[in-house]
Each structure stands twice: as structure tokens, then as C-alpha cells.
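All values reported here derive from a predicted model rather than from experimental measurement.
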Amino acid sequence: MEKAYYRIGIRALIFLLFSLINKQSFSQNGQIAISRVDNMPNFPSPYVMRDWKDVAKKYDALIYSTTATGQYLPFIHIKTGGINYPSIDPIYLDTYVGSSNAGNQAEAINIIPSIVSGSLMGIDKSNQGGVNWVAKANEFFNKANGQQIFLNGYSSTSGYDWWYDVMPNVFFYQLYSQYPTTSNFNSQFTTVADRWLSAVYAMGGSSTPWTLPQMDHRGWYLSSMTPNDQSVHEPESAGSIGWLLYHAFLKTGNKKYLEGAEMSIEYLSGLTTNPSYELQLPYGTF
């Protein structure tokens, strides 16, 4: 039960992070009035909002203490020498409290959002206690094995599950927006966009003539540019891939990324059933 609560807490923080980054509020034209909904108060009373900034700061202080003592502590460790960038000593952060493999776990979906979260709270994660935690995120860019994208581990293979293949790149884009001058980030930003745009094309996307990709898969093997159609499909990844390509367009001005984003979102919009598995769909909606 303790492990389950910790995992849920990580996902809640990730979703909070998404909400914080996408700060703008958009209104929908022609909103349909629903009487039952209209009768609901916009803000319940009595109500006390938890101080989520304080929670995030305390979480950061706990997680990023390398000298914390106590049961299961410290949660974070620094190992010597990276796989993709040998000069970078990578981060290891326990996925679960009390893990039997404590001190030897590293998940991008856990580590990169925590760096972004702390940064949003005003903490300079590029120099926190003398450690550049931001630069250490480079190690999740899997270049040594030729994948050329951010993956959930330091030496992982794409294709097993889109959530683990796409979301590390979304979190990296969020980190890049806060630390754009970090070594390697600029080139990685473009490489990530090119890799996923190539995948959109390989899925059948085309601008001449305009053809939508088929994105109803469990994952995508970037090494062979072929689908994984086993088990539960995650077509909502069209949303997060579209989000990546749209932000690549905003950064570079290159229309090929905008077209790739449009193909992805048009495919997503054409679905007749709710594809939402976890949090990829909100990125497509945004």
C-alpha cells in the first residue's frame, strides 16, 4: 500500500506540473449550458486549498537530499559515469519508497518532472547545493544505442509502450523551456522533433496529398519504424506527439513540424471513442 501511495503521488505531481506549465486559460466559444452543472458553485464553501507550492518545495527538499538519514533514505543517489554522456554522473532516484532495488533505479518520468517542478517553485536546479541536476537529465537522451530520443531509462528501447517513450520527451521539452542554454539541449530538442516527425510519416502521414497517420498502436519501434500492436493500444499518444511537434514549430518556425502536429491532432480528433489511458490526452487537447 505504501508503494501504491507513492506511485499515485508521483502521478499527481506530474499532472500538477502539467497544470502549472500550461498556465493560460482558454474559453470555449458557444459553451452549452447544462442546468445541473450551472447549479454547482464555482468555488465550494467552506473550502481550504492545500498550499501546493509548499508541498512541492518540501518534496524537492526531501527527494534531493543526498545526505538524508532514516528508513529508506536517501531516495536519490549519484553514480559515476554515464552511458550516453560518460562525463556526466547520472541520477538514480527510487521509484517506490522501500524498493528492494533501492539506489539503482532511474526513471525519466520520475526524475525529469521533479527537476521541472522544483524549477517552477523558484529553485535553481542547475546549481542546487553545488549540483547541476539539470545537466544530469542529458543522460536520458539515448544516443549510445541509436534511439536518439529521451527514454525512461539510460539505455532503453522504444516500442514497448508509448507512455514510456513519448512522455520523457514531453518532460524534456518542459525542462528545456526553463534551461534553454544547457549543453546539448538545443540539438536534442530538434532531434526529438525529427524522430517523432519521421514516425508520423512512417505511420502513413503525408502533406502531399494530405493523409492522416494511423496511430492506433501500443507503441512504435523507432529503430525499425514499425508499430507494436500488442496488448492495450494508446492512440492518445497522437496528442502528446502533436504537442511535441507543435512546440518544435513554435521554437523553430519550420512548417514541417506544424504539419506533423496537425496530422496527429486531426487523427486524434477523428476518434469516435475516448482513448484516454493516462495523461497524454490533455497535452493533445492543449
Where do Y64 and K125 land on the side chain to side chain contact (heavy atoms under 4.5 Å, CB included) test, with the steps shown first?
CA-CA 10 Å; Y64 280 91; K125 300 293 289 185; 3.2 Å; yes
To the closest 0.5 Å, what do you measure between [atom1] ([X]) and [atom2] ([Y])?
| X | Y | atom1 | atom2 | answer |
| --- | --- | --- | --- | --- |
| M167 | L244 | CE | CG | 8.5 Å |
| S240 | L245 | OG | CG | 10.0 Å |
| R218 | H233 | CZ | NE2 | 9.0 Å |
| D124 | Q178 | CG | CD | 10.5 Å |
| N101 | N104 | CG | CG | 5.0 Å |

Hydrophobic cluster membership, [X] vs [Y], 4.5 Å side-chain cutoff:
| X | Y | answer |
| --- | --- | --- |
| I123 | I111 | no |
| Y47 | V55 | yes |
| I112 | Y164 | yes |
| Y267 | Y201 | yes |
| V200 | Y221 | no |

side-chain hydrogen bond (donor to acceptor under 3.5 Å, both in side chains) between W210 and E266, intermediate numbers included
CA-CA 11 Å; W210 189 259; E266 282 190 29; 3.2 Å; yes
F172/F140 aromatic ring centres below 6.0 Å
no
F189 ring center within less than 6.0 Å of F141 ring center
no
Check whether any side-chain heavy atom of [X] sits under 4.5 Å from a side-chain heavy atom of [Y], and report yes or no.
| X | Y | value |
| --- | --- | --- |
| Q188 | F150 | yes |
| S158 | Q147 | yes |
| N132 | S126 | yes |
| P275 | L281 | yes |
| I76 | S65 | no |
| S264 | M215 | yes |
| Y154 | I91 | yes |
| T252 | Y257 | yes |

Check: [Y] main-chain N/O paired with [X] side-chain donor or acceptor under 3.5 Å:
| X | Y | result |
| --- | --- | --- |
| N228 | W220 | no |
| D94 | A102 | no |
| T191 | S187 | yes |

[X] to [Y] - nearest heavy-atom pair and separation:
| X | Y | result |
| --- | --- | --- |
| S119 | I115 | OG-O, 2.8 Å |
| M263 | S207 | CE-N, 3.6 Å |
| I83 | S155 | CD1-CB, 4.0 Å |
| F75 | L73 | CE1-CD2, 3.4 Å |
| S276 | E236 | C-OE2, 4.4 Å |
| I149 | V192 | CA-CG2, 4.3 Å |

In sequence, state the C-alpha distance, the side-chain angles, and the governing distance for N169 and W196, and then conclude on side chain to side chain contact (heavy atoms under 4.5 Å, CB included).
CA-CA 10 Å; N169 298 278; W196 286 116; 3.7 Å; yes
Should R195 and M225 be marked as a side chain to side chain contact (heavy atoms under 4.5 Å, CB included) after you check the CA-CA gap, both sets of side-chain angles, and the distance that decides it?
CA-CA 10 Å; R195 290 289 276 165; M225 287 295 172; 4.1 Å; yes
Is the shortest side-chain N to carboxylate O distance from K79 to D89 below 4.0 Å?
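Between D89 and K79 there is no salt bridge, as every charged N stays at least 4.0 Å from the carboxylate O atoms.
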So does K256 pair up with D194, basic N to acidic O under 4.0 Å?
yes
Donor-acceptor side-chain pairing of [X] and [Y] below 3.5 angstrom:
| X | Y | result |
| --- | --- | --- |
| N145 | N142 | yes |
| S99 | Q105 | yes |
| D60 | Q128 | yes |
| Q280 | S237 | yes |
| E107 | T95 | yes |

Pair V232, D161 - check side chain to side chain contact (heavy atoms under 4.5 Å, CB included), show working.
CA-CA 9 Å; V232 179; D161 188 297; over 6 Å; no
Any chance OH of Y179 has more than 12 other-residue heavy atoms, nucleotides or ligands included, within less than 6.0 Å?
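Enclosed: over 12 neighbouring heavy atoms sit under 6.0 Å from OH of Y179.
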Counting only heavy atoms not in Q214, do more than 12 fall under 6.0 Å of its CD?
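Counting other residues, nucleotides and ligands, CD of Q214 exceeds 12 neighbours.
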Step by step, would you call Y173 with Y283 a ring pair (Phe, Tyr, Trp, His ring centres under 6.0 Å)?
CA-CA 12 Å; Y173 268 31; Y283 282 91; over 10 Å; no
Before giving the answer on side-chain hydrogen bond (donor to acceptor under 3.5 Å, both in side chains), spell out for N186 and Y176 the whole-Å C-alpha distance, their side-chain angles and the decisive distance to 0.1 Å.
CA-CA 8 Å; N186 194 58; Y176 173 77; 2.8 Å; yes
